[in-house]
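Numbers here simply count residues along the sequence, with the first being 1. When reading the values below, keep in mind they use all heavy atoms of this one structure, side chains included, and skip hydrogens, waters and symmetry mates.
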Amino acid sequence: MAEFPNFNRFENNNYNENSFEKLTNLENQFNPELAREKFEQANPENKIEATRESVFNNSENTAEKLKEDEISELIASADLTVYERLNPTNAKEAKEEFLNNPDLVHPNYEYENLDKQEIENNLANLKKAKAELESAELSSGKRRLLEYLMDDCFKKNDFLVANLAYNTVTQPETKKLAAEHHKEANEALYGKPDEGTFYALLNERIDQIKAQDLTEEQKQNFAELLDKIGPMPETRSERFKPKPETIERFAEMTNEFFGSFLQHIPEDQEKFSSQEMVNIVNEIIEEELNEDGSNPYRAEIKAGATNASADHEERRIYFPEDKTYSAKRARGLIVHELGTHVLRAVPYVDHEVEAFSTGFPNNEEFDEGVAKAVEQAINGKYEDSGIDHYINIGLANFKGKNFREVYEIQCKLRELTGGKIEPVFNAVQRCFRGTGELPNNKDLAYYNGANRVWKHIEDHIDDIELFDQLFLSGKIDYQNKQQEQISYEARTKGI
């Protein structure tokens with residue numbers, strides 16, 4: 001009989017979040033260290049005492065730095081990319097079997113990348129980091145940063161524990177416990193869907209179908225779709241969409257902000273090859289973002305790539321081989337990849353806190369939301385992002401639908417709205433990534449990110465600091481108070 005895996009989990013205390021208030025102008029003007037320095041300059045008799053204190057402070061700072069580095073290394077050793085561990089290792093075979101056998105409720109996935117020993121080692125290192133941090137004499141800013149990074153690593157590893165446990169146990173009671181742990185860890189790491197938003201998005205798709213002149217066969221398919229979905233609430237929730245005037249005004253501001261970037265795209269050219277895109281991006285980097293010659297980012301062709309993307313570890317913008325882009329798509333990619341993903345990192349490439357340029361935990365939602373918003377603004381058209389992912393996750397969370405049921409519902413939705421069926425399977429696989437049976441909420445980020453950013457833009461469209469918040473605050477989630485506090489301390493006091 002399989003037993004619930006015994007991972008050496010440690011108590012993850014929730015660190016108290018102090019309310020974050022920015023310093024007043026008066027407090028900013030008064031710098032005690034600067035005042036002390038001036039006093040010592042005016043009082044040379046204190047020179048010997050000041051020298052002794054300086055030596056003592058330097059030795060203290062060295063010890064503090066060594067301790068900080070030791071804790072940072074322990075945390076970094078426990079960090080990992082969750083989705084890579086949760087991708088099935090027999091994806092192709094399991095997909096083929098599922099599509100050929102309608103009796104299968106879910107694909108028979110194998111997860112060989114889920115390594116129990118790796119997770120145990122990670123949790124042991126986090127436990128050690130936690131103990132070292134409790135006894136270390138660090139500044140409040142460094143302590144807060146390390147606590148935040150450690151907490152994120154714990155959540156990642158705890159979610160892997162939950163997936164491995166569910167896939168391992170067989171007895172009904174332990175399976176239930178594993179499912180409860182999975183739900184808790186899933187929501188701690190990725191958040192949870194909003195039920196009103198889910199039904200609003202699903203109803204919009206259903207309304208699309210109702211508005212059509214359906215054939216008898218389509219009417220029959222529609223009835224089967226509604227039966228598969230099951231009862232729906234009679235009342236509907238309103239969901240946020242930016243006002244047309246917000247989109248228009250932000251488009252004007254974005255075109256002006258990125259004018260120097262966009263002028264490098266030839267106006268009389270309708271199509272651009274991948275190599276031409278690489279050349280344009282490198283020209284922009286060199287002429288607009290490399291005044292002192294220290295910008296390490298470069299664009300390159302990457303074999304095997306399917307889409308353009310930014311890699312902040314390698315400091316590269318990659319383009320796939322032999323792809324052609326329209327002028328509209330070229331403009332969109334320039335502001336999306338270079339103007340957002342890279343521009344938000346560039347001011348911080350040499351910062352002692354690497355996360356400001358490589359990305360704070362879970363910043364992807366806000367980062368991708370900004371990128372989508374500016375791309376839509378440049379192209380003058382607002383579009384919702386991640387709706388299918390949200391509906392899939394909602395069907396699993398709120399309607400209790402399994403892999404097969406979500407797949408069949410999405411296939412019928414696509415058939416009745418003129419969409420392609422081919423992408424449905426992979427989207428549903430992402431919804432159940434890690435177990436094939438329990439929902440994985442990671443892809444809520446696509447809808448939530450764009451939605452949150454557009455709401456922030458609409459609420460702050462008259463704020464002179466709007467573009468600073470979006471592009472110059474580092475690769476943080478500006479609406480995350482913990483990240484904002486760390487960013488503010490780094491910029492004003494240093495960490």
Side-chain angles (χ1 to χ4, degrees), residues 81 83-84 87-93 95-96 99 254-255 258 260-290 295-346 358-359 364 367-368 370-381 383 385-386 388-389 414 418-430 433 443 445-446 450:
T81 304
Y83 75 83
E84 290 179 353
N87 281 336
T89 46
N90 65 332
K92 185 177 179 181
E93 299 83 357
K95 176 181 178 179
E96 185 176 344
L99 294 177
T254 303
N255 274 285
F258 288 113
S260 61
F261 284 23
L262 298 174
Q263 69 181 0
H264 291 269
I265 303 175
E267 293 184 3
D268 57 349
Q269 191 168 335
E270 294 182 358
K271 300 287 184 182
F272 297 87
S273 68
S274 292
Q275 188 58 54
E276 286 174 320
M277 289 296 293
V278 166
N279 296 341
I280 291 170
V281 170
N282 283 332
E283 181 181 298
I284 296 171
I285 291 173
E286 194 59 37
E287 296 186 18
E288 311 296 340
L289 293 175
N290 200 27
N295 188 344
Y297 279 91
R298 292 291 179 272
E300 295 178 359
I301 300 292
K302 184 176 183 178
T306 55
N307 297 298
S309 63
D311 185 324
H312 300 291
E313 299 289 344
E314 299 294 331
R315 308 295 190 193
R316 290 293 181 267
I317 302 172
Y318 291 120
F319 284 86
E321 297 176 294
D322 303 324
K323 199 162 184 177
T324 302
Y325 303 90
S326 67
K328 180 180 178 180
R329 183 63 181 138
R331 286 167 57 86
L333 277 176
I334 295 295
V335 298
H336 185 120
E337 299 297 342
L338 178 61
T340 303
H341 292 318
V342 172
L343 182 60
R344 296 185 82 219
V346 165
T358 57
E364 298 92 344
D367 200 56
E368 187 64 22
V370 175
K372 283 286 186 184
V374 296
E375 183 178 351
Q376 291 169 9
I378 286 292
N379 291 327
K381 184 182 179 183
E383 293 178 345
S385 301
D388 285 338
H389 291 308
R414 291 293 186 99
K420 295 180 179 178
I421 302 298
E422 186 181 353
V424 171
F425 181 90
N426 288 343
V428 178
Q429 183 270 318
R430 292 170 64 116
R433 179 190 272 144
D443 287 345
Y446 294 104

note = So salt bridge (Lys or Arg N to Asp or Glu O under 4.0 Å) across residues 315-325, not counting sequence neighbours, yields Glu300-Arg316
key: Partner residues of Asn255 under the side-chain hydrogen bond (donor to acceptor under 3.5 Å, both in side chains) criterion, sequence neighbours left out   = Arg331
note = Residues at least two apart in sequence or cross-chain that pass side-chain hydrogen bond (donor to acceptor under 3.5 Å, both in side chains) with Gln275, listed by chain then number, are Asn279
Show me the donor-acceptor pairs, under 3.5 Å and distance only, between side chains in residues 303-310 and residues at least two apart or in other chains.
none

query = For residues 298-331, which residue pairs qualify under ring pair (Phe, Tyr, Trp, His ring centres under 6.0 Å), counting only residues two or more places apart or in two chains?
reply = Tyr297-His312
note = Taken in chain and number order and not counting sequence neighbours, the residues that satisfy side chain to side chain contact (heavy atoms under 4.5 Å, CB included) with Glu313 are Asp311, Glu354, Thr358
task = Check side-chain hydrogen bond (donor to acceptor under 3.5 Å, both in side chains) between Asp443 and all other residues, then give those that pass, not counting sequence neighbours.
result = Arg430
Partners passing side chain to side chain contact (heavy atoms under 4.5 Å, CB included) against Glu383 (at least two apart in sequence or in another chain) = Gln376, Lys381
task = Go through the structure and list residues passing side chain to side chain contact (heavy atoms under 4.5 Å, CB included) with Ala91, not counting sequence neighbours.
result = Pro88
message = Tell me whether Arg298 is salt-bridged to Glu286, with the criterion being a basic N under 4.0 Å from an acidic carboxylate O.
response = yes
task = For Glu96, check side chain to side chain contact (heavy atoms under 4.5 Å, CB included) against everything at least two apart and list the hits.
result = Asn100
note = Contacts of Phe425 meeting ring-ring contact (aromatic ring centres under 6.0 Å, His included) (sequence neighbours excluded), chain-then-number -> Phe98, Phe403
request  = Report the residues that fulfil side-chain hydrogen bond (donor to acceptor under 3.5 Å, both in side chains) with Glu93, sequence neighbours left out, ordered by chain and then residue number.
outcome  = none
